[in-house]
Amino acid sequence: MLIALLPGDGIGPEVITEAQRVLDALRIDGLTFEEALVGGAACKATGHPLPADTLALAKRADAILFGAVGDPDCDALERHLRPEQAILGLRKELSLFANLRPATLFPELADASALRPEVATQIDMIIIRELNGDVYFGDKGMRKTPDGKREGYDIMSYNEDEVRRIARVGFETAMARGKKLCSVDKANVLETSQLWRDVVIETHTEYPEVSLSHMYVDNCAMQLVRNPGQFDVIVTGNLFGDILSDQASMCAGSIGMLPSASLDAAQKGLYEPIHGSAPDIAGQGKANPLATILSAAMMLRYSLGLPKHADRIEAAVAKALAAGARSPDLGGSHSTREMGDAVLAALT
Ligand code: IPM
Ligand code: MG
């Protein structure tokens, strides 16, 4: 089993190193790693954020463990050369349309949540974010208005097949959990969302056991802090899912805690923390590696068929937290390496 390791930029390499140490400690037979450049790091070395070799490795590998991309040095480049294009390119080229972002609060972290502990401890949800469409991948550009003003534009669209396949992932996920699905849209304003809602309602007939609700995205943002315990599974589009998952992460303690899986129709996947490259703290050993370590656990569970090993990692993370391991984002002073050490100690 070949894992493509794509550390990327900023804190990406630091957190990937810790995840790899944890995977190594499991001594899984036949697990091999191959590393490649991606993002700003790749752009500086090769002139492109997603070099052909990196894409070929990602296609060849059984799963991909990804750090983060984003580098302020590259913000002035043309858009197609910016680091973020690497992750968008991988998602599109590999048809990774289903992004699973679980948000659960480790009870030990109730105090780290931005919410009152009694509200925070209720959080146990998974956000299913569509990842191959929406305003992210529509026609975009800069143009001039008739009176010569600069104008930027990005087209938002979804077709019914795109909505149906992600809706099914939402319903299937709900069937395996609490059988409650909340579809989030902005159907009071957007035609894209009206189609989204219509297709989700049609798809519901295939899953009569699931209780389906609909929520406008602005209300959902509010409900996530008011009463996050009401959510079991949320299914939403690319842009809304990007925003709501960052918000859910702070409710669940820290953005440094949330893993994600991006899957194609055959469960091949890319696994990454939902946080970004955090250039402000890169190289200082301040990053929390737990989101990446938990992403490695998701990889073992979803793409490699090794749920027992995934359970071991998740249990070790809980044990490390219970033993007091806290990086700065969790209000402590453990370094990235010390957080990794704490998980390793809890594994054995
Ligand atoms: C995420 C990130 C990416 C996104 C960026 C880096 C392009 O914010 O994975 O949530 O917007 O999808
Ligand atoms: Mg994001």
Side-chain angles (χ1 to χ4, degrees), residues 6-13 15-16 37-43 48-50 54-55 58 64-75 77-103 125-138 140 154 156 158 162 166 184 217 220-221 224 234-252 254-264 269-282 287-288 291-292 294-295 298-299 329:
L6 308 181
D9 304 322
I11 60 173
V15 293
I16 287 285
L37 289 170
V38 75
C43 207
H48 198 279
L50 182 57
T54 303
L55 182 58
I64 303 151
L65 192 58
F66 189 93
V69 288
D71 179 345
D73 291 353
C74 302
D75 284 350
L77 295 175
E78 284 173 64
R79 184 160 300 280
H80 75 278
L81 293 176
R82 295 211 201 148
E84 289 78 5
Q85 295 304 310
I87 185 64
L88 300 178
L90 283 165
R91 290 170 182 171
K92 196 72 177 175
E93 289 284 337
L94 300 178
S95 302
L96 306 171
F97 70 93
N99 188 214
L100 279 48
R101 299 191 159 187
M125 73 181 94
I126 178 160
I127 299 180
I128 309 285
R129 169 187 176 196
E130 201 287 331
L131 216 50
N132 274 183
D134 202 353
V135 68
Y136 270 62
F137 291 98
K140 59 179 76 241
D154 302 85
M156 174 182 272
Y158 267 123
E162 291 171 315
I166 195 69
V184 174
V217 62
C220 182
L224 275 174
I234 289 177
V235 64
T236 190
N238 205 344
L239 181 64
F240 300 156
D242 179 45
I243 298 166
L244 295 175
S245 59
D246 267 35
Q247 189 183 345
S249 73
M250 273 325 278
C251 300
S254 162
I255 193 158
M257 289 300 302
L258 259 61
S260 81
S262 305
L263 304 175
D264 72 4
L270 179 150
Y271 298 82
E272 57 171 329
I274 78 154
H275 63 68
S277 59
D280 53 323
I281 58 164
N288 180 353
T292 311
L294 292 168
S295 299
M298 288 186 90
M299 174 176 84
D329 57 305

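Each ligand, and each atom within it, is numbered from 1 in the order the structure gives. A quick note: this is a predicted structure, and the numbers were derived from the prediction, not measured.
Evaluation of the salt bridge (Lys or Arg N to Asp or Glu O under 4.0 Å) test over residues 86-98, restricted to residues two or more places apart or in two chains, returns K59-E93, R91-E272.
Atoms CG and SG, on L81 and C74 in that order, are 9.0 Å from each other to the nearest 0.5 Å. Between atom CG of residue L258 and atom CG of residue L294 there is a gap of 8.5 Å, rounded to the nearest 0.5 Å. Taking CZ of R101 as the reference point, atom OG of S295 lies at 9.5 Å (rounded to 0.5 Å). Between atom CG of residue L96 and atom CG of residue D264 there is a gap of 6.0 Å, rounded to the nearest 0.5 Å.
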N/O pairs closer than 3.5 Å, ligand 1 and protein:
| residue | atom | partner | partner atom | Å |
| --- | --- | --- | --- | --- |
| ligand 1 | 8 (O) | D242 | OD1 | 3.2 |
| ligand 1 | 9 (O) | R91 | NH2 | 2.7 |
| ligand 1 | 9 (O) | R101 | NH2 | 2.9 |
| ligand 1 | 10 (O) | R101 | NH1 | 3.2 |
| ligand 1 | 10 (O) | R101 | NH2 | 3.2 |
| ligand 1 | 10 (O) | R129 | NH1 | 3.3 |
| ligand 1 | 10 (O) | D242 | OD1 | 2.9 |
| ligand 1 | 11 (O) | Y136 | OH | 2.6 |
| ligand 1 | 12 (O) | R91 | NH1 | 2.8 |
| ligand 1 | 12 (O) | R129 | NH1 | 3.3 |
| ligand 1 | 12 (O) | R129 | NH2 | 2.8 |

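Looking only at side-chain heavy atoms (C-beta outward), Q85 and H48 stay at 4.5 Å or farther from each other. For the pair D75 and L77, the minimum side-chain heavy-atom distance is 4.5 Å or more.
Counting only N and O atoms by type, the side chains of N99 and S262 include a donor and acceptor under 3.5 Å apart.
Of all protein N/O/S atoms, those lying under 2.8 Å from the Mg ion (ligand 2) come to 1.
By the ring pair (Phe, Tyr, Trp, His ring centres under 6.0 Å) test, Y271 is found to be paired with no residue, residues two or more places apart in sequence or in another chain being considered.
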